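Protein chains get the first letters and strands the later ones, always in sequence-line order, with residue 1 at the start of each. Please read these numbers as outputs of a predicted model, since none were measured by experiment.
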Amino acid sequence: MKEKLKQVSEYVWELDKNVRPKMRVKAKIIASKKVVETIDDAAVEQLTNVACLPGVIEPVVGLPDMHWGYGLPMGAVSAFNAEDGIISAGLCGFDINCGINSIRTNLTYDEAREKIKELIPALFSVVPCGVGSRGKLRLSPNQLDEVLSRGLNWAVENGYGTKNDIEHTEENGCIKGADPSKVSSLAKRRGAPQLGTLGAGNHFLEIQRVTDIFDEETARKWGVVDKDQVLIMIHCGSRGFGHQVATDYLKIQERAVRKYGIWLPDRQLACAPVKSKEGQDYFAAMKCAVNYSFTNRLVMTQWVRETFEKVFGRSWEDMDMQTVYALCHNVVKLEEHTINGERRKVYVHRKGSTRAFPGLPVLIAGTMGTASYILKGTEKAMRETFGSSVHGAGRAMSRHAAIKKYWGEKVKQELTQKGITAKSTHPKILAEEAPQAYKDVEMVIESIHGAGISLKVVRLIPMGVCKG
DNA sequence: ATGTGC
């Protein structure tokens with residue numbers, strides 16, 4: 001399929017809808033020539049599968065971090081009309097509201113470096129990591145329902161974070177329309193003991209330092225003022241809760257596909273008509289996972305603040321540990337976009353894709369050994385990518401291949417040589433997440449900045465990291 | 001990503 005890509009400008013490649021039967025619209029990929037070379041054929045084919053779905057709006061978009069995923073690549077966005085389109089549990093994926101919180105400090109690199117060997121183990125013991133990890137919270141069923149329907153409003157009322165965190169979170173940390181009655185009891189049972197846990201895989205808690213400020217005015221507005229300023233990044237999702245919601249509705253939507261006679265090129269693209277019960281129930285349940293995940297990250301943010309207080313002997317307010325921004329990159333949203341000159345409500349499916357609305361922060365995580373970025377969204381993203389950008393560097397190698405190729409202790413040593421303190425539940429996690437298993441984040445960022453769908457504001461590099 | 005295959 002890749003050989004059918006037509007380059008239409010420096011950063012845009014297209015797949016015409018006649019490259020295979022049944023495509024309703026064309027697909028496009030935003031990437032430099034160098035990045036296109038890193039994309040595997042199977043992922044490109046997955047983009048064309050999505051272009052076959054009912055009500056899909058042109059174009060299906062692949063982003064420069066794209067790599068093969070369940071049904072659709074990670075690093076892709078697709079939109080469907082709100083009349084006869086579909087809404088899909090498969091297109092959103094398993095880790096609903098996997099996302100990132102960026103928290104600033106007024107600490108300098110030197111101040112943090114002195115304490116990093118104390119800080120990382122302290123954070124590691126405060127924030128539960130790993131698959132199946134359980135948190136310190138024990139939520140009753142009623143409390144969990146409050147989290148699911150009220151998100152960060154519950155968090156702040158219960159001492160996790162402040163109004164400022166709410167104001168600096170996508171959807172103000174509470175997406176409207178979340179309905180806990182649409183969530184299975186199994187999902188709730190899995191979710192209740194996991195609030196305030198990091199999880200595993202590519203999820204992390206990282207201490208970072210600023211290396212570059214590209215847009216001083218915007219950076220200052222977001223509280224990033226100095227090179228060598230220290231920031232914190234938390235990347236994780238909705239844990240077993242969102243995973244179970246996705247699993248439940250994949251089954252329901254697989255049945256819906258047959259019931260409504262939808263032709264699918266790949267059964268992993270389970271979906272349901274937007275106006276069907278199977279479509280709207282999923283939407284309402286998925287939103288519960290969105291609120292759960294926002295809350296999960298803010299709970300941990302507050303524990304991180306308390307840990308910094310102990311290590312540095314100052315209050316977190318005094319250290320200016322405010323949320324720069326918090327957002328999700330695995331989600332379905334009903335948004336208004338301009339389609340062929342007309343304002344229309346569409347169901348935007350972002351899978352490994354960050355919202356990039358004009359002027360708003362876009363948080364992009366690199367790997368444990370490479371840079372992360374804060375960028376800002378643009379008008380061009382509204383026109384080109386349904387207001388969306390990448391989510392990270394994007395894997396270049398499967399988890400399985402990475403575990404076979406790298407050895408965790410060696411990865412740790414290499415990080416130490418680069419001045420990065422890493423701690424994980426198991427060395428295997430470090431092998432799985434070896435920086436070499438990912439694309440070069442600088443190349444990915446160059447593609448989105450060059451394409452103009454998000455513009456560089458701040459570059460960060462890791463000092464210390466906690467992994468599942 | 002995930003009580004890490006069905």
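- Ring to ring, Tyr292(A) and Phe241(A) are close: their centroids are under 6.0 angstrom apart.
- Pairs of residues two or more places apart, or lying in two chains, that qualify as salt bridge (charged side-chain N to carboxylate O under 4.0 Å, His left out) and include a residue from residues 438-449 of chain A are Glu442(A)-Arg459(A).
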Full working for side chain to side chain contact (heavy atoms under 4.5 Å, CB included) between Thr385(A) and Ile30(A): CA-CA 9 Å; Thr385(A) 57; Ile30(A) 308 281; 4.0 Å; yes
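- Applying the ring pair (Phe, Tyr, Trp, His ring centres under 6.0 Å) test to every pair with at least one member in residues 248-274 of chain A, sequence neighbours left out, gives these pairs: Tyr249(A)-Tyr282(A).
- Regarding Lys428(A), its NZ atom lies at a distance of 12 Å from the P atom of dT4(B), rounded to whole Å.
- Contact annotation for Ala200(A): backbone-only contact, meaning every heavy-atom pair under 4.0 Å involves sugar-phosphate atoms and none involves a base.
- Contact between the side-chain N/O atoms of Arg239(A) and the OP1/OP2 oxygens of dT2(B) is found at a separation under 4.0 Å.
- Applying a 4.0 Å cut-off to non-hydrogen atoms, none of the residues of residues 286-295 of chain A approaches DNA chain B.
- The distance between atom CZ of Arg189(A) and atom C1' of dT2(B), rounded to the nearest whole Å, is 16 Å.
- Judged by a 6.0 Å distance limit and a 45° cone about the ring axis, Arg305(A) is not positioned over the six-membered ring of Phe308(A).
- Here Gln194(A) lies in heavy-atom contact (under 4.0 Å) with sugar-phosphate atoms only.
- Here His235(A) and Phe204(A) bring their ring centres to under 6.0 angstrom of each other.
- Residue Gly201(A) is classed as a sugar-phosphate contact, given heavy-atom separations below 4.0 Å to backbone atoms only.
- Rounded to a whole Å, the CD atom of Glu433(A) is 18 Å from the P atom of dT4(B).
- Nucleotide dT2(B) holds its P atom 15 Å from the CG atom of Leu186(A), rounded to whole Å.
- Nucleotide dT2(B) holds its P atom 12 Å from the CG atom of Asn330(A), rounded to whole Å.
- With rounding to whole Å, Lys404(A) atom NZ is found 22 Å from dT4(B) atom P.
- Salt-bridge formation is detected for the pair Glu384(A)/Lys28(A): a Lys NZ or Arg NE/NH1/NH2 atom is positioned less than 4.0 Å from an Asp or Glu carboxylate oxygen.
- Taking atom CZ on Arg399(A) and atom P on dT2(B), their separation rounds to 9 Å, with Å as the unit.
- Look at CG on Leu250(A): it is 12 Å from P on dC6(B), rounded to the nearest Å.
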